[in-house]
Amino acid sequence: MKELFPFIGFEEGKLKVEGVFVEEVARKVGTPVYIYSKRAIEEAFKEFNFTYLTAFAVKSNSNVSILRLLKDLGAGADTVSIGEIFRALTAGIEPKKIVFAGVGKREEEIEFALERGILMFNVESKGELLKIEEVAKKLNKRAPVAVRVNPEVDPKTHPYIATGLKNSKFGVDFESALELYKIAKESKYLEPIGIHFHIGSQIKELSAFKEASLKVRDFVKELRSERIEIELFDAGGGIGINYEPFKEPPSVRKLSEILKPIVKELGLKLILEPGRRIVGNAGVLITQVLYVKRNKEKTFYIVDAGMNDLARPSLYKAYHYIDGTTYKEKRVKATVVGPICESGDVFAEDRELPELKEGDYLAIFSTGAYGFSMASNYNSRPRPAEVLIDGDGYKVIRERETLASLIEREF
Ligand code: LLP
């Protein structure tokens with residue numbers, strides 16, 4: 001098999017994920033369908049074996065079967081809502097491997113997490129810290145906390161997913177963080193256990209990690225001088241992937257070479273929260289061409305997936321490599337659009353693509369992260385099925401939604 005991405009490629013002109021032809025899955029399960037490679041996820045996860053804990057960012061792909069697979073490899077979970085904690089626990093991830101971040105934690109979410117004994121709360125404001133203290137007091141527990149600091153570095157990524165900049169809603173500056181640590185240290189109901197930062201997503205320049213980590217290192221030293229001792233150094237997620245086939249992504253080994261000496265010097269344990277890097281390239285979205293529409297200027301491939309199924313291109317103008325599931329030498333310029341009633345429902349504009357007819361399939365690559373997890377029911381479209389490939393076999397890990405499921409909570 002000629003691989004475009006790990007474990008995904010063409011064999012005898014047909015697209016395969018591991019040992020399974022995707023057209024076979026598309027015919028049996030229908031389209032649109034997300035297909036994931038188990039091996040690709042496993043291999044990507046193993047790259048992070050230098051950490052104390054790899055807390056998979058559940059928001060990137062929240063399917064319980066994927067979480068279970070990662071749990072079996074030793075993963076923890078980085079969560080941002082009660083729903084994500086519920087999913088992680090359902091997958092069997094131990095509470096002591098769950099971190100809980102997010103700028104707007106509700107009281108009931110804090111209570112749920114505290115009762116179950118999660119590893120730590122990544123705190124994003126003073127108001128939140130005091131709320132956690134209040135809930136902990138009510139439950140007569142001590143809440144383990146890390147303050148999410150904002151190291152103010154530029155990760156050079158899309159502005160929508162850069163989170164470590166000065167004017168970001170995330171985290172707090174070092175000065176305010178010190179105040180929060182002092183409050184936590186003094187409180188009977190809070191335990192300062194770690195420090196957290198996350199500078200953005202789809203980061204390709206590893207120097208941003210270095211810059212941020214060094215700033216955080218200096219801050220940890222400042223904490224020590226105030227006799228505040230912590231244990232965990234959580235450097236967040238954000239390491240990017242390559243959305244182009246046949247290309248090397250930024251090196252996880254190099255990231256480890258940046259982070260390891262810093263945590264070693266501090267005598268802390270390293271946590272990372274990768275999402276995209278573990279599942280991003282492991283998924284493809286298979287969609288069927290409904291119509292080929294030509295006007296004077298353009299050829300449109302109107303496909304059965306829409307921006308509700310995969311939001312990234314319309315939301316961020318994100319690039320996803322697209323190809324036919326049957327390889328064809330001859331290429332034409334075409335624009336791939338979905339059926340949604342919005343002009344932004346475009347997957348690719350004037351791309352070199354195989355000449356296709358109605359009923360042919362297209363694969364939208366690198367859709368394992370922030371694909372299904374961001375899908376919606378807009379235009380009253382049932383969300384797609386998800387399939388996990390394991391060697392020569394496959395399993396539906398989420399059934400396609402039905403018409404009934406669209407209205408099940410309405411009266
Ligand atoms: N930790 C925290 C605190 C985060 O906010 C995020 C992502 C991660 C970890 C995981 O980042 P990753 O390793 O996946 O880059 N929907 C956007 C991405 C939003 C990322 C939000 N936070 C997209 O489709 O590109």
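Side chains included, hydrogens not; waters and symmetry mates left out as well; all remaining heavy atoms used. Indexing begins at 1, ligand by ligand and atom by atom, following the structure's order.
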Proximal atoms of ligand 1 relative to Gly238 (non-hydrogen, under 4.0 Å)
11 (O), 12 (P), 13 (O), 15 (O)

Sub-4.0 Å heavy-atom contact, Ala369 with ligand 1
no

Does the ring center of Phe170 lie less than 6.0 Å from the ring center of Phe197?
no

Do any heavy atoms of Gly236 fall under 4.0 Å from ligand 1?
no

Polar contact flag for Tyr316 and ligand 1 (N/O pairs, less than 3.5 Å)
yes

For ligand 1, is any non-hydrogen atom under 4.0 Å from His198's backbone (N, CA, C, O), its side chain (CB onward), both, or neither?
side chain

Considering only heavy atoms, does Arg277 approach ligand 1 within less than 4.0 Å through its side chain, its backbone, both, or neither?
neither

Do the charged groups of Glu107 and Lys138 touch, with an N to O distance under 4.0 Å?
yes

Answer with yes or no whether the side chains of Arg398 and Asn63 bring together a donor and an acceptor at under 3.5 Å.
no

Residue-level breakdown please: for Glu273 versus ligand 1, do any non-hydrogen atoms fall below 4.0 Å on the side chain, on the backbone, on both, or on neither?
both

Considering distance alone, does some N or O of Gly275 sit under 3.5 Å from an N or O of ligand 1?
yes

Can you classify the ring geometry of Phe10 versus Tyr327 as parallel (below 30°), tilted (30 to 60°) or perpendicular (above 60°)?
perpendicular

Can you tell me which portion of Ser201 lies within the under-4.0 Å heavy-atom range of ligand 1? Options are side chain, backbone, both, or neither.
both

Salt bridge present between Lys59 and Asp78 (N-O < 4.0 angstrom):
yes

So does Glu349 pair up with Lys298, basic N to acidic O under 4.0 Å?
yes

Salt-bridge present (Lys96, Glu94; N to O < 4.0 Å):
no

Which of the numbered atoms in ligand 1 are below 4.0 angstrom from a heavy atom of Pro274?
13 (O)

Close N or O approach (Asp78, ligand 1; < 3.5 Å):
yes

For the pair Glu109 (side chain) and Lys105 (backbone), establish whether a donor and an acceptor sit closer than 3.5 Å, ignoring hydrogens and angles.
no

